[in-house]
K.L.:
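Here it is, the structure in full.
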Amino acid sequence: MPITPTKKIWMDGTLVDWDQATVHVLSHGLHYGTGAFEGIRAYKTPRGVAIFRLREHMERLIRSCKILMMDVPFSVDQLCDAALEIVRVNELDNGCYLRPLVYLGYGEMGVNPLPAPVNVAIAAWPWGAYLGDEGLEKGVRMKISSWQRHGVNAMPTAAKGTGMYLNSALAKVEAMKAGYDEAILLGPDGRVSECTGENLFVVRDGVIISPPPSEAGALPGITQQTIVKIANDLGYEVRFEAMIRTDLYLADEAFLTGTAAEVVPISSVDDRVVGTGTPGPITKALQSIYFQAVRGERTEYEEWLARV
Ligand code: PPE
């Protein structure tokens, strides 16, 4: 998806012009994937633009960096302030996607990451529906990938590490080239893990189920947690439970969740139609409340919004 340039990018504490926000080609992160990132969305609300679950995202970024032993020279508060500032100075009043990135910079070569400088950047730009407007509305066609999600001792799946996305990119390309919208990855034990940039849920007999992130080797999703809260508030039973691919084929409903993707119905998995093949009632209810929450139309979820 193309990037729409905005005016400024926050880099290590200063605002840099969009076109000047460059790094040296010998930056460590470019060679070895040594970095961690976040994806955050801000939405237009009746009381101005607000960033959704900002603090939770910045806290996860710091946790990712702890796992990867990168000392971030900024606090969660400073990162949150920087994110608010970048939305403000770029006048992104209609909402945007934010991309905080911690990466090992220029000055050291060789795999040992410890001596390399830790750099931080936050960019923001308007970004449309990640899996398309039609996907949001009608659902997406999924394919189980022949690529396996990392085992938890191959890659730290609780971290949103930049290099880990090679695995996602391979799965995404395979699925797209085969004519599908998105891939579902299984872990080394054959259980369902997650998608290339989203967590996954199924609905069966009125119960909402998602693979438990630690066991499934999936990123603990903030949207996943958001959906759990909304579903509980609606009175649904939600379980974190391991699942296998046929659980997807036999689900009444299925959907995926992620900050970029938002809440997207799944219409089929490996050409097996899920439910009726159109978004089911529970998926639609959760999706609609999610959009109301991010857009500041639900007072009970106000605390999730950081006003710019
Ligand atoms: N799993 C993966 C692998 C993942 O990348 C994401 C977010 C999630 C689950 C959902 O997490 P959360 O956003 O906290 O609900 N993927 C981000 C990056 C997407 C991209 O293409 O870049 C995102 O959604 O911003």
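First listed ligand is number 1; within each ligand, the first listed atom is number 1.
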K.L.:
Taking the inter-plane angle between the rings of Tyr106 and His24 on a 0 to 90° scale, is it parallel (under 30°), tilted (30 to 60°) or perpendicular (over 60°)?
P.N.:
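Aromatic pair Tyr106/His24 classed tilted.
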K.L.:
Does at least one non-hydrogen atom of Arg53 fall below 4.0 angstrom from an atom of ligand 1?
P.N.:
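No, Arg53 has no heavy atom closer than 4.0 Å to ligand 1.
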K.L.:
Near Ile222, which atoms of ligand 1 are under 4.0 Å from a heavy atom of that residue?
P.N.:
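Numbered from 1, ligand 1 contributes 12 (P), 14 (O), 15 (O).
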K.L.:
Set out, in order, the CA-CA distance, both residues' side-chain angles and the distance that settles side-chain contact (heavy atoms from CB on, under 4.5 Å) for Leu98 and Ile122, then state yes or no.
P.N.:
CA-CA 7 Å; Leu98 288 101; Ile122 306 177; 4.2 Å; yes
K.L.:
Which ligand 1 atoms, with their elements, are less than 4.0 angstrom from a heavy-atom of Thr223?
P.N.:
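Every atom of ligand 1 under 4.0 Å from some heavy atom of Thr223: 12 (P), 13 (O), 14 (O), 15 (O).
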K.L.:
Taking all atoms of both residues into account, what is the closest heavy-atom pair of Leu200 and Ser210, and its distance?
P.N.:
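Where Leu200 meets Ser210 most closely, the heavy atoms are O-OG, 2.8 Å.
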K.L.:
Could you tell me whether Arg99 approaches ligand 1 through its side chain, its backbone, both or neither, with non-hydrogen atoms closer than 4.0 Å?
P.N.:
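Within the 4.0 Å criterion, Arg99 contacts ligand 1 through side-chain atoms alone.
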K.L.:
For ligand 1 and Trp127, I'd like to know whether there is a polar contact (N/O to N/O, distance under 3.5 Å).
P.N.:
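By distance alone, the answer is no.
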K.L.:
Which heavy atom of the protein is the closest neighbour of atom 19 (C) of ligand 1, given with residue, atom name and distance?
P.N.:
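Going atom by atom, the protein heavy atom closest to atom 19 (C) of ligand 1 ends up being Tyr130 OH, 3.9 Å.
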K.L.:
Could you tell me how the ring of His28 sits relative to the ring of Tyr32: parallel (under 30°), tilted (30 to 60°) or perpendicular (over 60°)?
P.N.:
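The rings of His28 and Tyr32 sit tilted, inter-plane angle from 30° to 60°.
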K.L.:
Nearest to atom 10 (C) of ligand 1, what protein heavy atom do you find, and at what distance?
P.N.:
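Protein heavy atom with the smallest distance to atom 10 (C) of ligand 1: Asn199 OD1, 3.5 Å.
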K.L.:
What's the shortest distance from atom 1 (N) of ligand 1 to any protein heavy atom, and which residue and atom give it?
P.N.:
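That would be Glu194 OE1, 2.5 Å.
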K.L.:
In ligand 1, which numbered atoms sit nearer than 4.0 Å to a non-hydrogen atom of Tyr165?
P.N.:
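Atoms satisfying the 4.0 Å criterion: 2 (C), 3 (C), 4 (C), 5 (O).
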K.L.:
Does any donor atom in the side chain of Asp233 or Tyr301 lie under 3.5 Å from an acceptor atom in the other side chain?
P.N.:
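Checked: Asp233/Tyr301 side chains pair up, N/O donor to acceptor below 3.5 Å.
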K.L.:
With respect to Tyr97, determine whether any N or O atom, backbone or side chain, lies less than 3.5 Å from an N or O atom of ligand 1.
P.N.:
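Yes, since at least one N or O of Tyr97 sits under 3.5 Å from an N or O of ligand 1.
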K.L.:
What atoms of ligand 1 come closer than 4.0 angstrom to any heavy atom of Gly39?
P.N.:
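Every atom of ligand 1 under 4.0 Å from some heavy atom of Gly39: 25 (O).
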K.L.:
Do the ring planes of Phe201 and Phe255 sit parallel (below 30°), tilted (30 to 60°) or perpendicular (above 60°)?
P.N.:
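Rings of Phe201 and Phe255: parallel, under 30°.
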K.L.:
Is the gap between the ring centers of Phe37 and Tyr165 under 6.0 Å?
P.N.:
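Under 6.0 Å, so yes.
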K.L.:
For the residue pair Ser145 and Glu174, what are the closest heavy atoms and their distance?
P.N.:
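Heavy atoms only, the tightest pair is OG-OE1, 3.0 Å.
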K.L.:
Is there a polar contact between ligand 1 and Ala260, counting only N or O atoms under 3.5 Å apart?
P.N.:
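Yes - when backbone and side-chain N and O of Ala260 are compared with those of ligand 1, one distance drops under 3.5 Å.
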K.L.:
Would you mind listing which atoms of ligand 1 come within a distance below 4.0 Å of any non-hydrogen atom of Arg149?
P.N.:
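It comes down to these atoms of ligand 1: 3 (C).
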K.L.:
Strictly below 4.0 Å, N to O, side chains only: are Arg41 and Glu262 in salt-bridge contact?
P.N.:
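Yes, charged N to carboxylate O under 4.0 Å.
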K.L.:
What protein heavy atom sits nearest atom 13 (O) of ligand 1, and how far off is it?
P.N.:
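That would be Thr259 OG1, 2.6 Å.
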K.L.:
Atom 6 (C) of ligand 1: which of Gly258, Gly197, Ala169 has the nearest heavy atom?
P.N.:
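The nearest heavy atom belongs to Gly197.
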K.L.:
Under 4.0 angstrom from ligand 1, any heavy atom of Lys160?
P.N.:
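Yes, Lys160 has heavy atoms under 4.0 Å from ligand 1.
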K.L.:
Heavy atoms only, cut-off 4.0 Å: how does Thr196 contact ligand 1, side chain, backbone, both, or neither?
P.N.:
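Under 4.0 Å from ligand 1, Thr196 contributes backbone atoms alone.
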K.L.:
Just to check, does Arg60 reach to within less than 4.0 Å of ligand 1 when the distance is taken from its heavy atoms?
P.N.:
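Judged by the 4.0 Å heavy-atom criterion, Arg60 does count as contacting ligand 1.
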K.L.:
Check this for me: Asp71, atom CG, are more than 12 non-hydrogen atoms of other residues, nucleotides or ligands nearer than 6.0 Å?
P.N.:
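No, the 6.0 Å shell around CG holds no more than 12 heavy atoms from other groups.
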K.L.:
Mind listing the closest non-hydrogen atom pair of Met58 and Leu79 along with its distance?
P.N.:
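Here Met58 and Leu79 meet closest at CE-O, 3.5 Å.
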